[in-house]
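Just below is one structure, and these are the notes that go with it.
The chains referred to below are lettered A, B, ... by the order of the sequence lines, with proteins before strands, and numbering in each begins at 1.
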There are 2 protein chains.
Amino acid sequence: MTRRSTLGARNRGIPEATVARLPVYLRALHTLAERDIVTVSSEELAAAAGVNSAKLRKDLSHLGSYGTRGVGYEVQYLVYQISRELGLTQDWSVAIVGLGNLGRALAGYGGFASRGFRMAALLDADPVIVGERINGLTVEHIDKLEQIIADCAISIAVLAVPASAAQPVCDRVVSSGVTSILNFAPVVLAVPEGVDVRKVDLSIELQILAFHEQRKAGGPAGVEQEYLEAVDGS
Amino acid sequence: MTRRSTLGARNRGIPEATVARLPVYLRALHTLAERDIVTVSSEELAAAAGVNSAKLRKDLSHLGSYGTRGVGYEVQYLVYQISRELGLTQDWSVAIVGLGNLGRALAGYGGFASRGFRMAALLDADPVIVGERINGLTVEHIDKLEQIIADCAISIAVLAVPASAAQPVCDRVVSSGVTSILNFAPVVLAVPEGVDVRKVDLSIELQILAFHEQRKAGGPAGVEQEYLEAVDGS
DNA sequence: CGTTGTGAAGAGGTTCACAGCA
DNA sequence: TGCTGTGAACCTCTTCACAACG
């Protein structure tokens, strides 16, 4: 039941929280590289990434000792090491399923095709949308899903389908061999062991913000009512 | 420097991890309510929300004792309590800044206007886009940002602007009094103490998936090279 | 009885503070 | 000297296991 893999000589157990921050560091490093900055200290890089320097150093220490004491980190070298660790030195083929408003926006998003990701296929069930060309790709009918996933060697599926379609579509991409899913539909997907799902949910984010907003304003509505009841001795 | 507020009689210190899950529970409860289910056990609700039952019970216990031992939770009552805690029993006015592909998709997204959120304003800098009607609202020029935020009592700003515009726009909404921001631009926003920012970043999500995908395939590229170097005695 | 609510133990993540090294 | 890398302390979150209770 343990997930620790023990593959390779180096410790492969990078904490999940660290993995989630590596892309942020990578982006900050790319910005520095564009400005021809050669070396960066943990303090500077941490500031650019919005974390504190101790956390940054501990995160990087999980990848190895890629810094120089008294100096800092070489930007280009660190870019390479983080990229390699994240698996961005190889190409991943991505399919978008569902080309409504959101799917189109994702398909058109430039940063999407950032290093390492290749948008390989667009799929939809609506005959009106099928055949349309979006960002240089033709939208295929979802009936061809299994075949296209195999032919294009899709490894990541992005689901931008309606909530009701999400689980069935998920089941199909999983049984076609996809083991990484980015889900924009507002449902909790059930997947077999070994399949990774990440969820992006606008409405959940708003609700979390509302909670904090309310707290800043002095706690939940109904508190006064409860207070009155308590005073009343009920 | 402590953030504990000690307002009100009940313990207001709900763990952040719990807050992030309450919207998921709420959605599951709404689904149950639609099917006219009156009572639910922690086991059932947990399954619907994709968590284990101990975690669900602990989460709910932070809100109060709203269950009945031997029976479970009353669906409608729990919906109300969670909604109240999240601040969804009042209305929050939301503004979307930036109406490119993504901004339009967000403006058109139905679930966006889910209970508690009112899309109150759309803003863009592009004169071609300004004046356009999207989902019943007219896009206003960003020059009117300060005025509109005040007039519409905007409490949450959604930023769907290009990366280069994100920080300046953020500064403007913050100085207009907004203290909750949902950021879709791929930058780390700097904000004053007391302002909450949540980030949605497609490319980061893909990179995290790539990391796990690579691990399933047997670890990072370059491991063999390192291995050879080690054998070589370098 | 069956299920909640919760202390206690455990796991994971963050921060501190400084030894170790270029 | 200045910055990295890291043990140790601390904190947060999760899970267990069971007492409490309708």
Side-chain angles (χ1 to χ4, degrees), chain A residues 1-5 10-22 24-25 28-29 32 37-75 77-78 81-82 85 208 211-212, chain B residues 1-5 10-22 24-25 28-29 32 37-75 77-78 81-82 85 208 211-212:
Chain A
M1 270 296 167
T2 49
R3 280 198 298 110
R4 210 56 78 210
S5 75
R10 199 182 292 293
N11 173 22
R12 305 274 86 242
I14 299 179
E16 193 55 37
T18 296
V19 172
R21 282 187 296 265
L22 290 178
V24 181
Y25 302 155
L29 286 165
L32 295 172
I37 292 169
V38 176
T39 306
V40 68
S41 71
S42 65
E43 203 70 52
E44 294 162 332
L45 183 52
V51 302
N52 75 41
S53 64
K55 193 188 280 186
L56 174 80
R57 288 199 303 278
K58 180 135 311 212
D59 282 343
L60 295 183
S61 77
H62 288 114
L63 314 190
S65 283
Y66 297 141
T68 308
R69 289 166 204 249
V71 179
Y73 301 89
E74 208 219 314
V75 173
Y77 185 55
L78 201 50
Q81 291 299 345
I82 294 179
E85 198 63 54
I208 295 170
F211 172 85
H212 293 293
Chain B
M1 270 297 167
T2 47
R3 279 195 299 109
R4 210 55 80 213
S5 76
R10 199 182 293 291
N11 173 23
R12 307 272 88 243
I14 298 180
E16 193 54 39
T18 295
V19 172
R21 282 187 297 265
L22 290 178
V24 180
Y25 303 154
L29 286 165
L32 295 172
I37 292 169
V38 176
T39 307
V40 68
S41 71
S42 65
E43 203 70 52
E44 294 162 332
L45 183 53
V51 301
N52 75 42
S53 64
K55 192 187 282 185
L56 174 81
R57 288 199 302 278
K58 177 82 70 177
D59 282 343
L60 294 184
S61 77
H62 288 112
L63 314 191
S65 283
Y66 296 140
T68 309
R69 291 170 202 245
V71 179
Y73 301 89
E74 209 219 312
V75 173
Y77 185 56
L78 200 50
Q81 291 299 346
I82 294 179
E85 198 64 54
I208 295 170
F211 171 84
H212 292 292

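The distance from atom CD of B/E44 to atom P of C/dT3 is 8 Å, rounded to the nearest whole Å. Between A/Q81 atom CD and D/dG5 atom P there is a gap of 12 Å when expressed in whole angstrom units. Between the CD atom of B/E16 and the P atom of C/dG12 there is a distance of 21 Å, rounded to whole Å. The CG-C1' distance, from B/L63 to C/dG5, rounds to 13 Å in whole Å. One atom, CD of A/E43, and another, P of D/dG2, lie 14 Å apart when rounded to the nearest Å. Regarding A/E74, its CD atom lies at a distance of 14 Å from the P atom of D/dT4, rounded to whole Å. The OH atom of B/Y66 sits 18 Å away from the C1' atom of D/dG22 (whole-angstrom rounding). If you measure from atom CG of B/L60 to atom P of D/dC13, you get 16 Å, rounded to the nearest angstrom.
Under the side-chain contact (heavy atoms from CB on, under 4.5 Å) criterion, A/A46 pairs with A/V51, A/S53, A/L56, not counting sequence neighbours. Annotation: side-chain hydrogen bond (donor to acceptor under 3.5 Å, both in side chains) contacts of A/E74 (sequence neighbours excluded): none.
A sub-4.0 Å separation between OP1 or OP2 of D/dC3 and a side-chain N or O of A/S42 is absent. A close approach under 4.0 Å does not occur between any side-chain nitrogen or oxygen of B/Y73 and OP1 or OP2 of D/dG22.
For the pair A/E85 and A/H62, the minimum side-chain heavy-atom distance is 4.5 Å or more. Residues B/L60 and B/I82 are in side-chain contact: their nearest non-hydrogen atoms beyond the backbone lie under 4.5 Å apart. Looking at heavy atoms from C-beta onward, A/I208 lies out of side-chain contact with A/F211 at the 4.5 angstrom threshold.
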Checklist line | Protein proximity profile, nucleotides 16-22 of chain C - base contact B, sugar-phosphate-only contact S, no contact -, cut-off 4.0 Å on heavy atoms | finding: BB-BBBB
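Side chain of B/T68 to main chain of B/V71: no donor-acceptor pair is present (N/O by atom type, distance under 3.5 Å, no hydrogens or angles).
Nearest nucleotide to the A/R21 side chain, out of D/dC3, C/dT14, D/dC13: C/dT14. Of the candidates C/dT15, D/dC13, C/dG13, C/dT15 carries the atom nearest the A/K55 side chain, counting heavy atoms from C-beta on.
For A/Y77 and A/Y66, the gap between ring centers is short of 6.0 Å.
Judged by closest nucleotide on DNA chain C, B/V40 is the one of B/V40 and A/P15 placed further toward the 5' end.
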